[in-house]
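Take a look at the structure below.
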2 protein chains.
Amino acid sequence: MSEANQKPTDNQPVPKAVVNRLSLYLRELQHLVSEGSETISSGALGQRLGCSDAQVRKDLAYFGQFGYPGIGYRCAELVDAIRKILGTQFVWPVVMVGVGNLGRALLGYKGFAKQGFHIVAALDSNRSVVGTTVEDVHVDHIDELDRVMKEKRVRLAMIAVPAPAAQQVADRMVRAGVEGIVNFAPVTISIPDHVSLIGVDLAIELEQIAFAVVNRNHTR
Amino acid sequence: MSEANQKPTDNQPVPKAVVNRLSLYLRELQHLVSEGSETISSGALGQRLGCSDAQVRKDLAYFGQFGYPGIGYRCAELVDAIRKILGTQFVWPVVMVGVGNLGRALLGYKGFAKQGFHIVAALDSNRSVVGTTVEDVHVDHIDELDRVMKEKRVRLAMIAVPAPAAQQVADRMVRAGVEGIVNFAPVTISIPDHVSLIGVDLAIELEQIAFAVVNRNHTR
DNA sequence: ACATGTGAAAAAATTCACAGCA
DNA sequence: TGCTGTGAATTTTTTCACATGT
């Protein structure tokens, strides 16, 4: 029957872990669509991702009814539904602050565009990169942050500056009205409650794997 | 009174989320040490990271007793203890497969070394980069994977190849005896149970922020 | 007085299991 | 028959609250 509410059925809070899996479902479903699959069952989808059929169904149930009993889910339809839920049915303009090693790589990463994010500007404090174009993105001075964000209607930003500069960059973003930040600097930053924040620390991922390897049987 | 078991007190399984927070505690404690702080309480540490005092204490309690009633935790001592727990008190040699955009950036990222990971070799299938040196790391052909891993006693690997190649790279790594993989390719890969795997998808992080911004009040 | 470590209680997430629909 | 959606049961994680150590 597939009735798509893009908002939770009530106003139940949605656990972060559920939203995270939603992104995984989306990525997998996009593969399936590109391979020509019409439909998939919760069990088959779960198996590909290493979770249970019940979990797939429960996760989706937070947002509506998308499946067809006896059939499963129509891949293309569910892709659209999840993009609506995540808010990526339209393209988001994003700014990148920090055009060092990591910033450059992120600017060149094609995966963002594929999922509906367009990096419309890069900013840095280093005068030697300001004015250049990196991976087709023009680099402005950090002082232009406010202007650029307003001109381009930017709501999301990424931070890829050295750790000591991250907090002040975040502060500037907040003043410029940013609504969400992905922080790649290896430091905890604090921002007001009304701004969303995710920290991604590449070294931490390696630490997690090291732990898992050393304590192979103690982790779940 | 600071009795450091590097293994869980019993054989209780340790939740993944706990280990993840351990890495955050470590990073924060390293900052504190470099700022000259001697001790910190569970409450103060939790506040910096956005979690409760009880959570900090419970997390650490999985591994032993590290605190001093009335005092808190000695920062330097706890840094050492957590590194022991995570298994990063010694340097891990790591290989990187894929020397494209993202691979290059990761090779140049200084944060790995700081946390005890040394990238000892990079590998790629593209003959035009094989034999070059990127960020002081020599690039070998992917066919050398087995030899390099054995020569350098490598147990951990990172994947930064295009999505379609990721699974076969993982398979090769498994055959070469890898024990843990961090996969930066935006695709689900499957590996035998005895190998640990973490997937990091940069676009997914942006999706999570987009969702949080759109549904500001439904997430927890 | 201050702050840990930890059982007990509460809350949250996952899994089970089954009614109901195609 | 095959598979969804969902209450109920179970398991896991977090929070509470306090006895204990300094």
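Within every chain, numbering begins at 1; the chains are lettered A, B, ... in the order of the sequence lines, protein sequences first and strands thereafter.
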Open item on the list: What's the separation between atom CG in B:L86 and atom CG in A:N215, rounded to the nearest 0.5 Å?
Closed with: 9.0 Å

Open item on the list: Distance check needed: C:dA11 P versus A:K16 NZ, whole Å only.
Closed with: 20 Å

- [ ] Could you state the atom-to-atom distance from CD of A:E77 to P of D:dT4 in whole Å?
- [x] 13 Å

Task: Identified side chain to side chain contact (heavy atoms under 4.5 Å, CB included) counterpart of A:Y73 within the set A:L32, A:L29, A:L60 - done: A:L60

Task: Short side-chain N/O contact from A:Y73 to OP1 or OP2 of D:dG5, under 4.0 Å - done: yes

Open item on the list: Could you tell me how far apart A:R74 (CZ) and D:dC3 (P) are, to the nearest whole angstrom?
Closed with: 14 Å

- [ ] Nearest whole angstrom, please: distance from the P of D:dC3 to the CG of A:L45.
- [x] 13 Å

- [ ] List in numerical order all residues of residues 32-43 of chain B for which some heavy atom is under 4.0 Å away from an atom belonging to DNA chain C.
- [x] B:S41, B:S42

Open item on the list: For nucleotides 16-22 of chain C, give me one character per nucleotide, 5' to 3': B if any protein heavy atom sits under 4.0 Å from the base, S if the only such contacts are to the sugar-phosphate, - if neither.
Closed with: -B--BBS

Task: Interatomic distance, B:D53 CG vs C:dG5 P [rounded to whole Å] - done: 12 Å

Task: Within-4.5 Å side-chain heavy-atom neighbours: A:T88 and A:Q115 - done: no

Task: Distance, nearest 0.5 Å, that separates CG of B:L49 from CG of B:L45 - done: 5.5 Å

- [ ] Identify whether the distance between the nearest side-chain nitrogen and carboxylate oxygen of B:K150 and B:D146 falls below 4.0 Å.
- [x] yes

Open item on the list: Can you identify which nucleotide, out of C:dT14, C:dT4, D:dT14, has its nearest atom closest to the B:R21 side chain?
Closed with: D:dT14

- [ ] Nearest 0.5 Å please: distance from the CD atom of A:Q30 over to the NZ atom of A:K114.
- [x] 6.0 Å

TODO: Hey, could you give me the CE/CG distance between B:M173 and B:L123, rounded to the nearest 0.5 Å?
DONE: 8.0 Å

Open item on the list: Counting C-beta onward and ignoring hydrogens, is there a side-chain heavy-atom pair between A:I209 and B:W92 closer than 4.5 Å?
Closed with: no

Task: Integer-rounded Å distance: D:dG5 P and A:D59 CG - done: 12 Å

- [ ] Starting from C1' on D:dC3, measure out to CD on A:Q65 and report it in whole angstrom.
- [x] 14 Å

Open item on the list: Is the shortest side-chain heavy-atom distance between B:Y68 and B:E77 below 4.5 Å?
Closed with: yes

Open item on the list: Distance check needed: C:dG5 P versus B:L60 CG, whole Å only.
Closed with: 7 Å

